[in-house]
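Beneath this line is the structure, given in structure tokens, with notes to follow.
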Amino acid sequence: MSHALQAVRGMNDILPDDAETWEYFEDIVRDWLASYGYRPIRTPIVEPTPLFKRAIGEVTDIVEKEMYSFEDSLNGEPLTLRPEGTASCVRAAIQHNLVAAGGPQRLYYYGPMFRHERPQKGRYRQFHQIGVEALGFAGPDADAELIMMCARLWDDLGLEDVALELNSLGSAEERAAHRAALIAYLEQHRDQLDEDGKRRLYTNPLRILDTKNPLLQPIVEAAPRLADFLGEESRAHFEAVQVFLKDAGIPFRINHRLVRGLDYYNRTVFEWVTTRLGAQGTICAGGRYDGLVEQLGGKPQPAAGFAMGIERLLLLWRECGGQAERAAPDAYVVHLGEAAQRLAFRAAEALREHGFAAVLHCGGGSFKAQMKKADGSGAAVAVVIGEDEARAGEVGLKPLRGPGGQQRVALADLPEAMATLLYSEQNGEQGIDDGGV
């Protein structure tokens, strides 16, 4: 006997109860993004592999170990399931000339990303991100607004124990000078580095500063700080970001070890972190990446953005008492008998035509069993059709949540009667007036 097939490890089904929570959350997010003038963009899930190698960096963990890459069987083209969204968004902006033709762009995307890493709570191989990209904006005001946007969302969601960490990576030249000094320093402690540290020493030494290995903490703490290599322009930019945040009353901590795992960042970088999710404490991260557009073949354009993982954010939201409001239909249509079933179809469509949500019972069963289903659906009203109603071309309306008994109305009067009954229930009034229909 064959075993039933299972989903790929780390790629999870989102079942109806959870999917409704996701949709509720997505509605909040769309309203939030629109309030800041951001517009949606949708890019393919599969992209050319060189896009991510060029954007993210060939010696990053993502490119070296985590990407799902394969060759197109038709033409041998190297392809990759997108591991993040910024590179795709920038590629699309370049390809379609968005910034050059339309000026600076405020864009957002939403969808699945893929990384081959060890699944754990809030971290999966297929995960979902909301990403925000501000293309063509050079000033510290854009950096600050991105951070303020996040603070607004946390407030809208009622999140607690979320803290902001901030740093500046300076310019490419400043990072290069710091990198040289860092390598020289770490070479003096080479024997004490772990395997990851030795592997990254000459390819990506900044990532060593972000190590979680407790044995390396004394070495990391004494390492040259990037802040000491920042020039006047980079310092002024970073200080201006801090002024905007202080004016907005947003507390933050400068974390000199915050370097981000992607090569394209420069100047401002930030993370929103929490202590409520264990080791996976980052719920949102981003920063400025002024060189990426040119790096991917476009005309030089400043840019900044952030991304947040939906699975992790929903975990935190629930930890803080967040709960979706379950959507319930306005009416559940029950029926018994062939003629009643035919009338039930007409009644359900008449309600939908007037904007009501109506569930038509399918599968037969007694009135008692059907009414149990109606009550379980959360519907406000049961539309009841039996043989008597079918012969008369009428339907019964029975409130399921408010006061009042069952009323009979002509099919033609159903939408108006339904509106009256729902209004009465919402305002705590008695149901339909017997003499009014």
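What you are looking at is a predicted structure, and each value in this text was computed from that prediction instead of being measured.
Sparse packing is recorded around CD of Glu416, with 12 or fewer heavy atoms of other residues, nucleotides or ligands lying under 6.0 Å away. Within 6.0 Å of CZ on Arg179 lie more than 12 heavy atoms contributed by other residues, nucleotides or ligands. Taking a 6.0 Å sphere around CG of Asp17, one finds it holds 12 or fewer heavy atoms contributed by other residues, nucleotides or ligands. More than 12 heavy atoms of other shown residues, nucleotides or ligands fall within 6.0 angstrom of atom CZ in Arg318. In Arg42, the CZ atom is not crowded: 12 or fewer heavy atoms of neighbouring residues, nucleotides or ligands sit closer than 6.0 Å. Environment of CZ in Arg352: crowded, with over 12 heavy atoms of neighbouring residues, nucleotides or ligands closer than 6.0 Å. Residue Phe345 qualifies as open at atom CZ: its count of foreign heavy atoms under 6.0 Å is 12 or below.
Checking Asp143 against His237 by side-chain atom types alone, a donor-acceptor pair falls below 3.5 Å. There is a side-chain donor-acceptor pair under 3.5 Å between Tyr332 and His361. At a cut-off of 3.5 Å, with distance as the only test, no side-chain donor of Ser234 or Ser171 sits close to an acceptor on the other residue. Glu133 and Tyr109 share a donor-acceptor pair across their side chains, judged by distance under 3.5 Å alone. A donor-acceptor pair shorter than 3.5 Å can be found between the side chains of Asp194 and Asn213.
Under 4.0 Å is where a charged nitrogen must lie from a carboxylate oxygen, and between Asp191 and Lys198 no such pair does. Using a 4.0 Å cut-off between charged nitrogen and carboxylate oxygen, Arg106 and Glu145 count as a salt-bridge pair. The pair Arg267-Glu233 counts as a salt bridge, with a side-chain nitrogen and a carboxylate oxygen less than 4.0 angstrom apart. Taking the charged nitrogens against the carboxylate oxygens, Lys372 and Asp375 have no contact shorter than 4.0 Å, which rules out a salt bridge.
One N or O on the side chain of Tyr185 and one on the backbone of Ile219 form a donor-acceptor pair closer than 3.5 Å. In terms of modelled atom types and a separation under 3.5 Å, the side chain of Thr282 and the main chain of Cys284 share no donor-acceptor contact. Thr80 contributes no side-chain N or O that, together with a main-chain N or O of Arg82, makes up a donor-acceptor pair within less than 3.5 Å. Panel note: side chain Arg125, backbone His116; no donor-acceptor pair is recorded below 3.5 Å. In terms of modelled atom types and a separation under 3.5 Å, the side chain of Glu84 and the main chain of Thr86 share a donor-acceptor contact. Between the side chain of Thr49 and the main chain of Leu79, a donor-acceptor pair closer than 3.5 Å is present. Between the side chain of Asp161 and the backbone N or O of Thr275, no donor-acceptor pair lies under 3.5 Å. Distance alone, capped at 3.5 Å, is enough to place a donor-acceptor pair between the Gln370 side chain and the Gly365 backbone.
For the atom pair CG of Leu226 and CD of Glu174, the computed distance is 7.5 Å after rounding to the nearest 0.5 Å. If you take CG on Leu153 and CD1 on Ile130, they are separated by 7.5 Å, rounding to the nearest 0.5 Å. Going from atom CG of Leu81 over to atom CE of Met67 covers 10.0 Å, rounded to the nearest 0.5 Å. To the nearest 0.5 Å, the span separating NE2 on His96 from CD on Gln105 amounts to 12.0 Å.
By the 30° and 60° cut-offs, the orientation of the rings of Trp32 relative to Tyr36 is perpendicular. Note on ring orientation: taking the six-membered ring where Trp is involved, the planes of Trp22 and His128 are perpendicular (angle over 60°, cut-offs 30° and 60°).
For Asp72, there are no side-chain hydrogen bond (donor to acceptor under 3.5 Å, both in side chains) partners, not counting sequence neighbours. For Asp290, the salt bridge (Lys or Arg N to Asp or Glu O under 4.0 Å) partners are Arg288, not counting sequence neighbours. Looking at residues two or more places apart in sequence or on another chain, you find a side-chain hydrogen bond (donor to acceptor under 3.5 Å, both in side chains) between His256 and Arg225. Shown here are the salt bridge (Lys or Arg N to Asp or Glu O under 4.0 Å) partners of Glu160, two or more places apart in sequence or in another chain: Arg276. In this structure Gln95 satisfies the side-chain hydrogen bond (donor to acceptor under 3.5 Å, both in side chains) test together with Arg91, sequence neighbours excluded. Not counting sequence neighbours, the partners of Arg253 by the salt bridge (Lys or Arg N to Asp or Glu O under 4.0 Å) test are Glu165.
In this structure, Phe25 and Val29 have side chains that are in contact, with non-hydrogen atoms separated by less than 4.5 Å. Contact annotation: the side chain of Leu422 approaches that of Asp330 to within less than 4.5 Å [non-hydrogen atoms, C-beta and beyond]. Inter-residue side-chain proximity for Val384 and Val395 is flagged as unmet; no heavy-atom pair is nearer than 4.5 Å.
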Stepwise side-chain contact (heavy atoms from CB on, under 4.5 Å) check, Leu166 with Leu245: CA-CA 11 Å; Leu166 203 61; Leu245 296 180; 3.9 Å; yes

